[in-house]
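Right, one structure below, let's go through it.
Letters go in sequence order (proteins before strands), and every chain restarts at 1. In this text, all values refer to a predicted model and were calculated from it rather than measured experimentally.
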There are 2 protein chains.
Amino acid sequence: MSNLLRSNIEDYVKITDDDFAAIRQHFDQMVFRKGDFIIRAQESVSTIYFIQSGLVKLSYWDQDGKEHIASFAMENWWETDFNAFYHQSRSSCTLQCLEATTAYTLSLKNYQHLCATFPFMTGYFLDKSIRGHIANQNRILSLLTLSPKEKYEQFLQLYPSLVQRIPKTILAAYLGVSRETLSRMYRSRK
Amino acid sequence: MSNLLRSNIEDYVKITDDDFAAIRQHFDQMVFRKGDFIIRAQESVSTIYFIQSGLVKLSYWDQDGKEHIASFAMENWWETDFNAFYHQSRSSCTLQCLEATTAYTLSLKNYQHLCATFPFMTGYFLDKSIRGHIANQNRILSLLTLSPKEKYEQFLQLYPSLVQRIPKTILAAYLGVSRETLSRMYRSRK
DNA sequence: GCGGGACTGTGACTTGGATCACATATGCTA
DNA sequence: TAGCATATGTGATCCAAGTCACAGTCCCGC
């Protein structure tokens, strides 16, 4: 199974070569360099991205100019500003590459066509959405219940491979902790 | 449109009387009194609930015995511990009635049967799931970016009708703020 | 109608973590 | 290879919000 998108779909349901070829038609591919913006704030968002390689961050800037991270996405993950995509409105977030990234892109029109042509794809997206929903729920509970130290340790446990790939400043903005507090956290048994 | 469940489905797609009758077969109905537990921690969860009337809270207790609110659900909302339901594991949360509540219940088996029989129901649940996902995303950003005062004001704006129905202690546990801080918040221009 | 529990307000005190300020290290890029 | 931006560590200070303690209110059941 050399194709990541196909294997991702087949984690949910097995498909034939012909089906995958037809599904594949709905996607384009894009290549980004480190630092490139995939979505800028205030833009309209008509595309979902399936990350083939690389790492991106979805972030929100508050009125004080402070960055907050809504989520990260790496290989094998779907990402976009779902709020803007689903409601066809302008993005309040920014999607930017932390590493050089390649992605399959799926437009809203093709997304709808895909679900209409292959009903099991609706089930596939439902599966993804529910998992995302559950992950968000867990993140909310972590934000509510954990100390900075515990948040960091939980992140380490959940995404050990990501910790080395993400600048600490950005990780702090994801955890909801100041850069300095995060930095002080490695030694102390807090 | 007297039936809340039907009108909720028809917000997504129009259905015939016959279809609704067949769909309706998949559900049972339950009645709870104020304070009743719908789901207790450590129980397995095999049911989704569609709230017809009333108000429930989904909460998590940390190791210090402090309660944290994952979410509220009122009339016209779907609720359960989705993590436990979807992965068929034990609940880490508690679902409890803040008011006398009536709900349609849908078992996992019937949920699957429903989606298999009426493919558009998969689309309906996908729609619900995406909206839930987006709401959770927004909640995460609120927790990351807003001051206690701003969190309270945003809640007021998003759910004006809920504020009167939820004890302040519980609301504080939802906002991630202490009861006392929330209480002090009404007067000051903080 | 009485008593005990949940709910809420409010003062006094404490503190975790933010903020500020600066220093060092590690690149890229020209 | 110099030079500037990015990333990180660390000390000193401050303050928003948590915690603790107590009092008043409301409501429900016996």
Side-chain angles (χ1 to χ4, degrees), chain A residues 32-37 55-57 59 61-69 72 94 96-100 142-156 162-190, chain B residues 32-37 55-57 59 61-69 72 94 96-100 142-156 162-190:
Chain A
F32 302 95
R33 287 161 307 167
K34 178 174 175 172
D36 281 358
F37 287 89
L55 178 60
V56 301
K57 66 171 158 66
S59 48
W61 265 268
D62 66 22
Q63 55 275 56
D64 303 333
K66 262 184 63 175
E67 180 177 15
H68 304 269
I69 307 294
F72 298 115
T94 270
Q96 193 184 182
C97 299
L98 290 170
E99 302 174 356
S142 301
L143 287 171
L144 287 175
T145 63
L146 301 183
S147 71
K149 183 85 201 265
E150 290 166 328
K151 286 177 190 167
Y152 175 67
E153 279 165 356
Q154 183 186 263
F155 189 88
L156 262 180
L162 276 188
V163 178
Q164 298 91 300
R165 297 167 68 182
I166 298 172
K168 306 293 186 208
T169 309
I170 303 297
L171 179 54
Y174 174 88
L175 297 175
V177 165
S178 77
R179 213 206 82 226
E180 294 90 334
T181 300
L182 180 63
S183 165
R184 277 183 252 267
M185 201 161 289
Y186 309 122
R187 318 164 288 159
S188 68
R189 268 318 100 208
K190 162 68 74 50
Chain B
F32 303 94
R33 287 161 307 167
K34 179 174 175 172
D36 281 358
F37 288 90
L55 178 60
V56 301
K57 66 173 158 65
S59 48
W61 265 268
D62 65 23
Q63 54 274 58
D64 304 334
K66 262 182 64 174
E67 180 178 15
H68 305 269
I69 307 294
F72 298 114
T94 270
Q96 193 184 182
C97 299
L98 289 170
E99 299 175 357
S142 301
L143 287 171
L144 286 175
T145 62
L146 301 184
S147 72
K149 182 88 201 261
E150 290 167 328
K151 286 177 191 166
Y152 175 69
E153 279 165 355
Q154 183 186 262
F155 189 90
L156 262 179
L162 277 187
V163 178
Q164 298 91 299
R165 296 166 69 181
I166 298 172
K168 307 292 186 208
T169 310
I170 302 297
L171 180 55
Y174 175 87
L175 297 176
V177 165
S178 78
R179 210 208 83 226
E180 294 90 335
T181 300
L182 180 63
S183 165
R184 276 184 251 268
M185 201 161 288
Y186 309 122
R187 317 165 289 158
S188 67
R189 270 314 102 208
K190 163 67 78 43

Between [N] ([atom2]) and [X] ([atom1]): distance, integer Å:
{"X": "Leu144(A)", "N": "dA17(D)", "atom1": "CG", "atom2": "C1'", "result": "15 Å"}
{"X": "Glu67(A)", "N": "dT6(D)", "atom1": "CD", "atom2": "P", "result": "13 Å"}
{"X": "Glu150(B)", "N": "dA16(D)", "atom1": "CD", "atom2": "C1'", "result": "13 Å"}
{"X": "Glu99(B)", "N": "dC7(C)", "atom1": "CD", "atom2": "P", "result": "13 Å"}
{"X": "Gln164(B)", "N": "dT8(C)", "atom1": "CD", "atom2": "C1'", "result": "16 Å"}
{"X": "Lys168(A)", "N": "dT10(D)", "atom1": "NZ", "atom2": "C1'", "result": "16 Å"}
{"X": "Asp64(A)", "N": "dA18(C)", "atom1": "CG", "atom2": "C1'", "result": "13 Å"}
{"X": "Arg33(A)", "N": "dC28(C)", "atom1": "CZ", "atom2": "P", "result": "15 Å"}

Only one of Lys151(A), Lys149(A), Glu153(A), Glu180(A) forms a side chain to side chain contact (heavy atoms under 4.5 Å, CB included) with Met185(A), so which one is it? Lys149(A)
Side-chain touch Asp62(B)/Leu144(A), heavy atoms, less than 4.5 angstrom: no
For dT6(D) and Thr169(A) - does any side-chain N or O of the residue sit under 4.0 Å from the phosphate oxygens OP1/OP2?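 The answer is no; no side-chain N or O of Thr169(A) sits under 4.0 Å from OP1 or OP2.
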Examine dA16(D): is either OP1 or OP2 under 4.0 Å from a nitrogen or oxygen in the side chain of Ser147(B)? Give yes or no.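 So the side chain of Ser147(B) is outside the cut-off, no N or O lying under 4.0 Å from OP1 or OP2 of dA16(D).
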Please name all residues satisfying salt bridge (charged side-chain N to carboxylate O under 4.0 Å, His left out) with Arg165(B), sequence neighbours left out, ordered by chain then number. Glu75(B), Glu99(B)
Return the set of residues passing ring pair (Phe, Tyr, Trp, His ring centres under 6.0 Å) with Phe72(B) (not counting sequence neighbours), or none when no residue passes. Tyr174(B)
Protein proximity profile, nucleotides 18-30 of chain D - base contact B, sugar-phosphate-only contact S, no contact -, cut-off 4.0 Å on heavy atoms: SBBB---------
Tell me the closest heavy-atom pair linking Pro148(B) and Thr181(B), and the distance in Å.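 Nearest pair, atom of Pro148(B) first, then Thr181(B): CB-CG2, 4.3 Å.
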Under a 3.5 Å distance rule, please check whether Asp64(B) uses its side chain to pair with a backbone N or O of Lys66(B) as donor and acceptor.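 Such a contact is absent between Asp64(B) side chain and Lys66(B) backbone.
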